[in-house]
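Take a look at the structure below.
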Amino acid sequence: MDPHNSLNSQQQQAVMAGLGPVLVLAGPGSGKTRVLTQRIAYLISSMGVRPYNILAVTFTNKAAREMESRLTGLLGGSTQGLTLVPFHAIYARIMRREAEHLPFKADFVIYDADDQLSLVKQAIKELNLDEKRYRPTVIHAQISNAKNDLRLPDDYLVQDYRDEITQRVYRLYRDRLLANNALDFDDLLLWMAYLLEENRPIRERYARRYEHVLVDEFQDTNLAQYALLKHLASFHENIFVVGDTDQSIYRWRGPDYHNVQRFEKDFPATQVILLEQNYRSTQTILDVAMAVIDRNPYRTPKRLFTERGQGQKVTLYEASDDRVEAAYAVDTIATLVKLEDYQPGAFAVMYRTNAQSRMLEEAFLAHNLPYKLVGAQRFYGRREIKDVIAYLRLVQNPQDEISLARAINTPSRGIGSKTYLALRTQAQKTRVSPGELLVQLANDSQSPVWGALGGRAAAAISAFSSLLAKWTQARDGLSPLMLMDQILDDTDYHSYIDDGTDEGNDRWENVMELRRLASEFQDQGLTAFLEQIALVSDQDTLEASANAPTLLTLHAAKGLEFPVVFIVGLNEGILPHSRSTDDPEEMMEERRLFYVGITRAKDRLFLVCPQQRNAYGYLGPVEESRFLADIPDELISTTGRLRSSPGRATATYRPERWQVPAQNAAAVLQPRYQPGMRVQHPTWGEGMVLNSRVDSDDEIVDVFFKEIGLKHVAASLARLEIKP
DNA sequence: ATGGACAATGTTTTT
DNA sequence: CATTGTCCAT
């Protein structure tokens, strides 16, 4: 952000734009969040708009919170009543309020990706389909796409037999969700759009209320979200959207950056404002970014510029394999912290796939250096966390069969698949869900169900039934934390999960962490707690407090910035990913992804690619990413093997701890360079020796040059001069 | 009903 | 290779 508290003329134009539709096309680092918050502040304090009449939506909690805190800084407490929330959260909230107009109840639960997949699997099985032929993940993706295009099962586009199958699964999946009183992520948009579409009074109520609608990251909205926004803005038509088509990286999730063009078409009176001045990066980094993105066809070229000056060149390092790649990143970070006074928190290492983080984590661990890993999945996907959440969800909504199936025999209490099936059959007879039947059974010792179950099964069911009934009754009187403690206690979960091993210990620690999270919802209730958990984004888990380098995927990096950025794994098949190489649209998205990564960097950018990579457990050669060829040579300084002369053997970076020892036992060569020595190189300038070792009749010196960073030079070739 | 052993099978990104 | 599912012995 710019140090002066003033807006440039384009920003000002955006902030003070008049009524009607406004489209702000904001390049990376151009002060997009700033414009949004200033706009809200302007509406409230200068235009006299009541906060109650403003709706501002973001994609993540983090973005919403950040805007909120900035607004509080600008306006103090006078933002009371403002709706500033993530997309999914606001729709969940509205739908709970309006549940009577919808085919589900107000206490619905939100299914995560795992739950959704189980439900699809269940549907496929029920329809007697072959899981091999009809892969659940593929079918699920198709259903999700249909929902994002606002297609209900009846409107599902059927062109061949496969589509027909998908349609049948979709229908059953939809029915199962409703029977479970559960929504998936797409439903939050789909049903909300349905509600506004079908129910005019409700639509008008909200559309009248929201005099101003503001949207962040507009390029990532899908058709459903777009339709929704149009409805919400349909009365006043004051819709202010901010986005950057070059940063559209969620195409597979339904978003369609053509929405930006659609917007201009749907709202012909749109004022379009371009923000091109960048307040984040050096000009070199921007030039690299533009060189990469300019290769994408059909885009409005943007000239990104900055007043920050040229800055240092971007460093390209070719590592021998992905282990060395990780070590290089960690070593360079350690060096920069030591020699250039960078804070450890100033660094980020970005990669294409989550699997790539492992190698990096190991490298950090080997250096004994702390790091932060972005990724909610890592926590909420854990078995013990899913267990406890299943219990809580079941108490909130006994209709939830996915949670029931998980909780009913965890820890094992003698209710296996047979008994569970019997319970389901009995439930079907009286047309209630198994969970509801369980709650009923607790107070009905005369029920014919008992007779239908075997003696041992009946005892087990009875015990669980009383527990569940007890919890559901206590629910409203207890805070989420108290309820959780009660459940943990009643199920003796501690002794189940913590078997005394380190792993068991960790698992219990995780439960305690969840407990801590629950404690923050003392007075908001179970519904709010569960909803928060269902809708956390990866970025939300990023802790600002710890001063350590951040490891994250390129996707998770969007919207963030770091003084020093490493992008690793710049290989064909990784970035661009192999699954994207045959589709030009997807290839363009890979390029945008790289662009997003590059533009996160404020001061320095390191691009790293290994020549070999571990895949399927074997080390195999990999090509360097095609994107690297698009970067002009004069913006890059190269270490490791020089890419202009691929055949030449040069010093390869190899951190000491992986050095094969005693290779030079007979060496007579004495090292001349010592760590800490200052040296001068004719072209690279002044530097400091970090390390030196004798290897194959030559002395290999690691020098950190002030201008260009870490280099590994052979003493016999490099004309190094030792300075006093 | 439970838990372990083995085979198969599959690898992007995420609200 | 690393996870997930299936089969089998207890």
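Just so it is clear: chains get the letters A, B, ... in the order the sequence lines come, proteins before strands, and each one is counted from 1. All heavy atoms count here, side chains included; hydrogens, waters and symmetry mates do not.
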When rounded to whole Å, the CG to P distance for the pair A:Asp186 and B:dT14 reads 16 Å

Does a nitrogen or oxygen in the side chain of A:Asn354 sit under 4.0 Å from OP1 or OP2 of B:dT14?
yes

Over how many whole Å does the gap from A:Leu183 atom CG to B:dT15 atom C1' extend?
14 Å

Think A:Thr553 has a side-chain N or O under 4.0 angstrom from the OP1 or OP2 of B:dT14?
yes

Distance below 4.0 Å between A:Asn409 side-chain N/O and B:dT2 OP1 or OP2
yes

Base, sugar-phosphate, or nothing: which does A:Asp220 touch, judged by heavy atoms less than 4.0 Å apart?
nothing

Return the stacking result for B:dT13 and A:His555: yes when the ring centres lie under 5.5 Å apart and the planes under 30°, no otherwise.
no

CD (A:Gln532) and CD (A:Gln524) are apart, to the nearest 0.5 Å, by 8.0 Å

With hydrogens left out and only the distance checked, is there a donor-acceptor pair under 3.5 Å joining A:Arg579's side chain and the base of B:dT13?
no

Ignoring backbone atoms, test whether A:Arg135 places a side-chain nitrogen or oxygen under 4.0 Å from the OP1 or OP2 oxygen of B:dG10.
yes

Atom CG of A:Asp322 and atom P of C:dC1: how far apart are they, to the nearest Å?
13 Å

When we call it a touch if two heavy atoms are under 4.0 Å apart, what does A:Tyr250 touch: a base, just sugar-phosphate, or nothing?
sugar-phosphate

Which one, C:dA2, B:dT15, B:dT12, comes nearest to the side chain of A:Arg358?
C:dA2

Roughly how many Å is it from CG in A:Leu190 to P in B:dT15, rounded to a whole number?
20 Å

Given that A:Ala534 and A:Ser417 both sit by DNA chain B, which one's nearest nucleotide is further toward the 5' end?
A:Ser417

Without decimals, in angstroms, what is the distance between A:Leu554 CG and B:dT12 C1'?
11 Å

As an exercise, state the distance from CG of A:Asp149 to CG of A:Leu190, rounded to the nearest 0.5 Å.
10.5 Å

Measure from CZ on A:Arg133 to C1' on B:dG10 and round the result to the nearest Å.
19 Å

Phosphate contact (B:dA1 OP1 or OP2) by A:Arg413 side-chain N/O below 4.0 Å:
no

Under 6.0 Å between the ring centres of A:Tyr496 and A:Tyr493?
yes

Between P of B:dT15 and CD1 of A:Ile249, the distance in whole Å:
11 Å

Counting side-chain heavy atoms from CB outward, which of B:dT2, B:dT12, B:dT15 is closest to A:His88?
B:dT15

For A:Lys62 and B:dT14, give me the distance from atom NZ to atom P, rounded to whole Å.
15 Å

Minimum side-chain heavy-atom gap A:Asn180-A:Leu119 below 4.5 Å
yes

Sugar-phosphate, base or nothing in reach of A:Phe185, heavy atoms under 4.0 Å:
base

Considering heavy-atom distances to DNA chain B, does A:Lys132 or A:Glu586 have its closest nucleotide positioned more toward the 5' end?
A:Lys132

With a non-hydrogen cut-off below 4.0 angstrom, is A:Lys121 in contact with a base, only sugar-phosphate, or nothing?
sugar-phosphate

What's A:Thr419 touching, base or sugar-phosphate or nothing? Going by heavy atoms closer than 4.0 Å.
sugar-phosphate

For the pair A:Tyr371 and A:Phe364, name the ring-plane relationship: parallel under 30°, tilted 30 to 60°, perpendicular over 60°.
tilted

Look at the rings of A:Phe87 and A:Tyr91 and say which category their plane angle falls in: under 30° parallel, 30 to 60° tilted, over 60° perpendicular.
tilted

OP1, OP2 of B:dT14 versus side-chain N and O of A:Lys558: anything below 4.0 Å?
no

Take atom C1' in C:dG5 and the same atom in B:dT12, then report the distance between them in whole Å.
23 Å

